[in-house]
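Contents: one structure, followed by commentary.
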Amino acid sequence: MKSHPAAVNDGMSIRMAAAKYDIPPKTLANKFNGKHQKKVGCSNTFTLEEEAEISEILVRCSKIGVPLGKRHLIKILEAIPIAKGDSDVT
């Protein structure tokens, strides 16, 4: 959506930019006027390092032929913060 406000900055009206990019004019106006400052979606459960660790575990298990069911995967995911000493784990 970065090109849409840029088009408005270059002199195109919000209504014309909305029609050109096929988005609601109010959404584009809110974005242009700074009303959409927050990121969309919820926060991440795992850090990027933890996600990389989980990926590595899954790839290793796959390479040696260890099947991981849903319950086994959940246990692995629950064990990572516990192993790191995170006390906020439920």
Side-chain angles (χ1 to χ4, degrees):
M1 186 134 150
K2 292 185 181 189
S3 63
H4 311 336
V8 174
N9 286 336
D10 290 340
M12 187 183 291
S13 73
I14 291 175
R15 187 174 298 225
M16 287 175 61
K20 179 179 179 180
Y21 293 107
D22 195 32
I23 58 171
K26 186 67 175 171
T27 302
L28 184 57
N30 286 340
K31 183 72 173 177
F32 182 73
N33 294 325
K35 294 185 179 180
H36 288 281
Q37 298 297 323
K38 297 179 183 177
K39 288 188 173 185
V40 178
C42 58
S43 61
N44 294 341
T45 303
F46 295 104
T47 64
L48 291 176
E49 293 82 19
E50 289 171 336
E51 286 182 9
E53 187 177 339
I54 292 166
S55 296
E56 187 177 327
I57 290 169
L58 296 176
V59 168
R60 283 184 184 177
C61 288
S62 138
K63 283 184 178 179
I64 62 173
V66 175
L68 290 178
K70 182 178 177 181
R71 288 184 182 153
H72 201 127
L73 180 59
I74 289 172
K75 285 184 181 184
I76 290 172
L77 297 176
E78 289 173 342
I80 290 173
I82 293 171
K84 293 186 182 236
D86 191 357
S87 61
D88 293 338
V89 177
T90 55

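What you see below is based on every heavy atom in this structure, not just the backbone, and it leaves out hydrogens, waters and symmetry mates.
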**OP:** To the nearest 0.5 Å, tell me how far E56 CD sits from C61 SG.
**Re:**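 So the gap between those two atoms works out to 10.5 Å.
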Original post:
Just how far is it from atom CD of E53 to atom OG1 of T47, taken to the nearest 0.5 Å?
Top reply: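 The OG1 atom of T47 is 8.5 Å from CD of E53, to the nearest 0.5 Å.
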**OP:** Provide the closest heavy-atom pair for A17 versus L28 in the form atom of the first, atom of the second, distance.
**Re:**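 Between these two residues, the closest heavy atoms are CB-CD2, 3.4 Å.
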Original post:
What are the two closest non-hydrogen atoms of P24 and A18, and how far apart are they?
Top reply: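 Taking every non-hydrogen atom into account, C-CB, 4.2 Å.
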Can you confirm whether [X] sits close enough to [Y] that some side-chain heavy atom of one is under 4.5 Å from a side-chain heavy atom of the other?
X   : Y   : value
R60 : I64 : no
E51 : L48 : yes
H72 : I76 : yes

Original post:
If two hydrophobic side chains count as joined below 4.5 Å and joins carry through other members, does L58 share a cluster with I74?
Top reply: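 Different hydrophobic clusters.
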Original post:
According to a 4.5 Å side-chain heavy-atom criterion applied to Ile, Leu, Val, Met, Phe, Trp and Tyr, with indirect links allowed, do I57 and L73 form part of one hydrophobic cluster?
Top reply: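 Yes, one cluster joins them.
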